[in-house]
Each structure stands twice: as C-alpha cells, then as structure tokens.
Number of protein chains: 2
Amino acid sequence: MISNDLLKGTLRTIVLKLLADNGRMYGYEITKKVEELSTGKIRLTFGALYPVLHKLEADGHITTETEYIGRRVRKYYSLTEVGRSGAQQKLDEFFDFVNTLTYVLKPSPA
Amino acid sequence: MISNDLLKGTLRTIVLKLLADNGRMYGYEITKKVEELSTGKIRLTFGALYPVLHKLEADGHITTETEYIGRRVRKYYSLTEVGRSGAQQKLDEFFDFVNTLTYVLKPSPA
DNA sequence: ACAAATATATAACATTGTTATATATATGCA
DNA sequence: TGCATATATATAACAATGTTATATATTTGT
C-alpha cells in the first residue's frame, strides 16, 4: 500500500486523468479502476472521493448524468472542456513535481 | 513553483534525506538547500519546517545541538540511528509511490 | 543609519484526507 | 429462502499537515 500522506494532493489528478481516458465513469467504478491500475496499492476511500467529485462539479470541471440501473441510481461523471485542460495541467504539474523531487532526493554523491 | 498540495507528505522525507547527506544542518540552512537543489521550485516555509523538526526530534529521529554564532543561537539537527533507517524507508516509499502513480497516470493508449 | 539577510518559533486558519455511519439494491451460494 | 458479499452514493466527526501572519533578535552590506 502507498502511504496515504503521499497520495494527498494527487486525488484530483487521478480522477481527472481517469475521466479523460475513459469518458464517463461513476464513483464506484473509479475506485475499482484505481485499485486495478495500481495493482491494489492505491485504494481510494469514498469519504475522499465523493467530496472531490462534488467539488470538481461545483468548479465546472465535470458534469453528471444520473441513470437507473434496475432500481439503483448510478451517477456518471464526465469532463467538461475546462476539466479536460485542467486534467492536462494537473498531469504536467505532477510530472514536474516528480522530476524536481527526484532530483532533490537523488542518491547522494559521497 | 511546485504545487504545495503535492509537496504535502514529502516534507519529512526531504528533511531526513538532507540530513542523511549533509550530516548536521540547521533550519535556515535546510530551506536554502532545498531551494538550491530544486532551482527555486520548492520553498519550505518555516511554519511547516519547524513543527516537523520538533516532531522528528520528539520521535527520536533527530537530535539537536545548540551553538552560538556570535551572539546568535543556532540549532543543529542530526540523524539518530532510527532517523537514518527512517530516511531510507521514506525514500523507498517515495520512489514506490512515484512508480505506482506514474503507471496510473501514464499516457492513455487509445 | 537603514535595509536586507540571517535565524528560530508559535498561533490562527485552511485544506484535504480517514474513519465511522447511514441507506439501499443486486448477486451468489448453501 | 436466507444470508453474506458486492454494488452504489453520501455525509459527519475527526486528524494531519501545511500556509499565512506574527513575534523577536542579530548580522551584514551600503
């Protein structure tokens, strides 16, 4: 399992990237996808995921459609145009962060 | 500048690694070193740094020596044995995190 | 003399995540 | 048929950690 502290701040990026790749997704599906892609090392909690999804919606990055699967409500989330460029920006930021930190934390010379 | 959100959770790792490489350091020196190594992209704030240093000391990862430079107090921090293995563990965790997240966020195939 | 750099530290506040809890339907198996 | 598990969304109490503001004091360069 990846330390939860490190994951902080990457949740938005993960969600936006998954939606960019997969079109529309629903919350539960997102948690499963992350678990699958990370081979179980990353497990999103609902208490973190839903507030982020609602915030992204309030900020105009994603839109929702509610559908019924049988009698059960399912809420699909998709990126808006703003969300699409936001996703790219977040990804650039993440890789910039990794490059910088990797340099700072590189094995010592002496 | 690196997004502050991403930096969360890496501060301890940075501090431990710097102390592992440089022997003893004082707070102000640590902030300057990080700025230097990151070419200005990472700037530690004192409000974050000192609580972390105090916490690491309380947890037995570092010890302190106070010296006077002229009339000014300077407080040096150095790793204990526990801190040294803690540093390595944090580094391993960080690179594991990067590898996993890089895979999750890798450019989409389709 | 004055500004900027050096140097440590705490408090109020904001953000973001975890854990616990609530609610409800669908599926697999004995 | 009944029960456990998986599917599915959501909120609230709490914890951790960082930012911004503030306080204090010495040293160096102009």
Side-chain angles (χ1 to χ4, degrees), chain A residues 1-16 24-36 40-59 61-62 64-77 90 93-94 97 101, chain B residues 1-16 24-36 40-59 61-62 64-77 90 93-94 97 101:
Chain A
M1 278 292 282
I2 299 293
S3 161
N4 14 4
D5 293 333
L6 291 171
L7 254 351
K8 282 199 176 189
T10 60
L11 183 46
R12 244 178 205 66
T13 309
I14 291 170
V15 168
L16 289 173
R24 64 179 207 170
M25 297 180 86
Y26 52 98
Y28 188 78
E29 188 185 8
I30 292 173
T31 65
K32 289 295 154 190
K33 193 70 179 176
V34 169
E35 212 175 313
E36 176 201 326
K41 286 185 177 174
I42 302 176
R43 217 161 278 170
L44 303 188
T45 58
F46 298 119
L49 179 62
Y50 287 113
V52 162
L53 286 172
H54 299 335
K55 185 118 204 304
L56 286 172
E57 190 184 4
D59 292 348
H61 286 79
I62 60 182
T64 60
E65 311 160 75
T66 301
E67 286 186 18
Y68 277 87
I69 306 298
R71 269 179 231 171
R72 182 187 290 168
V73 175
R74 182 179 287 173
K75 211 166 165 182
Y76 280 101
Y77 299 88
K90 280 286 189 186
E93 255 178 37
F94 176 75
F97 157 76
L101 248 290
Chain B
M1 279 290 283
I2 299 295
S3 162
N4 15 3
D5 292 334
L6 290 170
L7 253 352
K8 282 198 177 191
T10 60
L11 183 46
R12 242 178 207 66
T13 309
I14 292 171
V15 168
L16 289 173
R24 63 179 205 171
M25 296 180 87
Y26 52 98
Y28 188 78
E29 189 184 8
I30 291 173
T31 66
K32 291 294 154 190
K33 193 70 179 175
V34 169
E35 214 176 312
E36 178 201 324
K41 287 184 178 174
I42 302 176
R43 217 161 279 170
L44 303 189
T45 59
F46 297 120
L49 179 63
Y50 286 114
V52 163
L53 285 172
H54 299 336
K55 185 120 206 304
L56 285 172
E57 190 185 2
D59 292 347
H61 286 79
I62 60 183
T64 61
E65 310 161 75
T66 299
E67 287 188 16
Y68 276 88
I69 306 297
R71 270 178 232 169
R72 182 186 290 167
V73 174
R74 183 178 286 172
K75 209 164 165 183
Y76 281 100
Y77 299 88
K90 281 285 188 186
E93 256 178 36
F94 175 76
F97 157 75
L101 249 290

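These figures come from a predicted structure and were not determined experimentally. Per chain, numbering begins at 1; letters A, B, ... match sequence-line order.
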*Asks:* Any residue in residues 6-15 of chain B with a heavy atom nearer than 4.0 angstrom to DNA chain D? Just list them by number, or reply none.
*Replies:* B/Lys8, B/Gly9, B/Leu11

*Asks:* Would you please classify the geometry between the A/Phe46 ring and the A/Tyr50 ring as parallel, tilted or perpendicular, with 30° and 60° separating the classes?
*Replies:* parallel

*Asks:* Rounded to whole Å, please give me the gap between CZ in B/Arg71 and P in D/dA25.
*Replies:* 13 Å

*Asks:* Rounded to the nearest angstrom, tell me the gap between atom CD1 in A/Ile69 and atom P in C/dT27.
*Replies:* 11 Å

*Asks:* Write down the distance between CZ (A/Phe46) and C1' (C/dA22), rounded to a whole number of angstrom.
*Replies:* 14 Å

*Asks:* Roughly how far, to the nearest 0.5 Å, is the CG atom of B/Leu101 from the CD1 atom of A/Ile14?
*Replies:* 5.0 Å

*Asks:* Mind calculating the distance between CG (B/Asp5) and P (C/dG17) to the nearest angstrom?
*Replies:* 8 Å

*Asks:* May I ask you to evaluate whether B/Thr45 reaches the phosphate of D/dT19, defined as a side-chain N or O under 4.0 Å from OP1 or OP2?
*Replies:* yes

*Asks:* Write down the distance between OH (B/Tyr50) and P (C/dT6), rounded to a whole number of angstrom.
*Replies:* 12 Å

*Asks:* Just how far, in rounded Å, is P of D/dA8 from NE2 of A/His54?
*Replies:* 16 Å

*Asks:* Please verify the inter-ring angle class for A/His54 with A/Tyr77; under 30° counts as parallel, over 60° as perpendicular, anything in between as tilted.
*Replies:* tilted

*Asks:* Can you tell me how far P of D/dA12 sits from CG of A/Leu49, to the nearest Å?
*Replies:* 17 Å

*Asks:* With 3.5 Å as the limit, what N/O pairs link the protein to nucleotides 4-7 of chain D?
*Replies:*
residue : atom : partner : partner atom : Å
D/dT7   : OP2  : A/Tyr28 : OH           : 2.2
D/dT7   : O5'  : A/Tyr28 : OH           : 3.0
D/dT7   : O3'  : A/Arg72 : NH1          : 3.3
D/dT7   : O2   : A/Arg72 : NH1          : 3.3
D/dT7   : O2   : A/Arg72 : NH2          : 2.9

*Asks:* Please walk me through it: do B/Tyr76 and B/Thr64 pass side-chain contact (heavy atoms from CB on, under 4.5 Å)?
*Replies:* CA-CA 5 Å; B/Tyr76 281 100; B/Thr64 61; over 6 Å; no

*Asks:* Go nucleotide by nucleotide along DNA chain C from the 5' end; which of A/Leu44 and B/Lys75 gets its closest nucleotide reached first?
*Replies:* B/Lys75

*Asks:* Looking at every heavy atom in both B/Lys75 and B/Thr66, which two are closest together, and how far apart are they?
*Replies:* CG-OG1, 3.9 Å

*Asks:* Before giving the answer on side-chain contact (heavy atoms from CB on, under 4.5 Å), spell out for A/Arg12 and A/Lys55 the whole-Å C-alpha distance, their side-chain angles and the decisive distance to 0.1 Å.
*Replies:* CA-CA 10 Å; A/Arg12 244 178 205 66; A/Lys55 185 118 204 304; 3.3 Å; yes

*Asks:* Could you pick out which residue, A/Gly70 or B/Gly27, lies toward the 5' side of DNA chain C when each is mapped onto its nearest nucleotide?
*Replies:* B/Gly27

*Asks:* Not counting sequence neighbours, which residues clear side chain to side chain donor-acceptor pair (under 3.5 Å) with B/Glu67? List them please.
*Replies:* B/Arg24

*Asks:* How far apart are the closest heavy atoms of B/Ala48 and B/Pro51, and which atoms are they?
*Replies:* O-CD, 3.4 Å

*Asks:* Take atom NZ of B/Lys55 and atom P of D/dA15, then tell me their distance rounded to the nearest Å.
*Replies:* 14 Å

*Asks:* With rounding to the nearest 0.5 Å, note down the distance linking CD1 in B/Ile30 to NZ in B/Lys33.
*Replies:* 11.5 Å

*Asks:* Taking any heavy-atom pair under 4.0 Å as a contact, classify A/Tyr68: base, sugar-phosphate, or nothing.
*Replies:* nothing

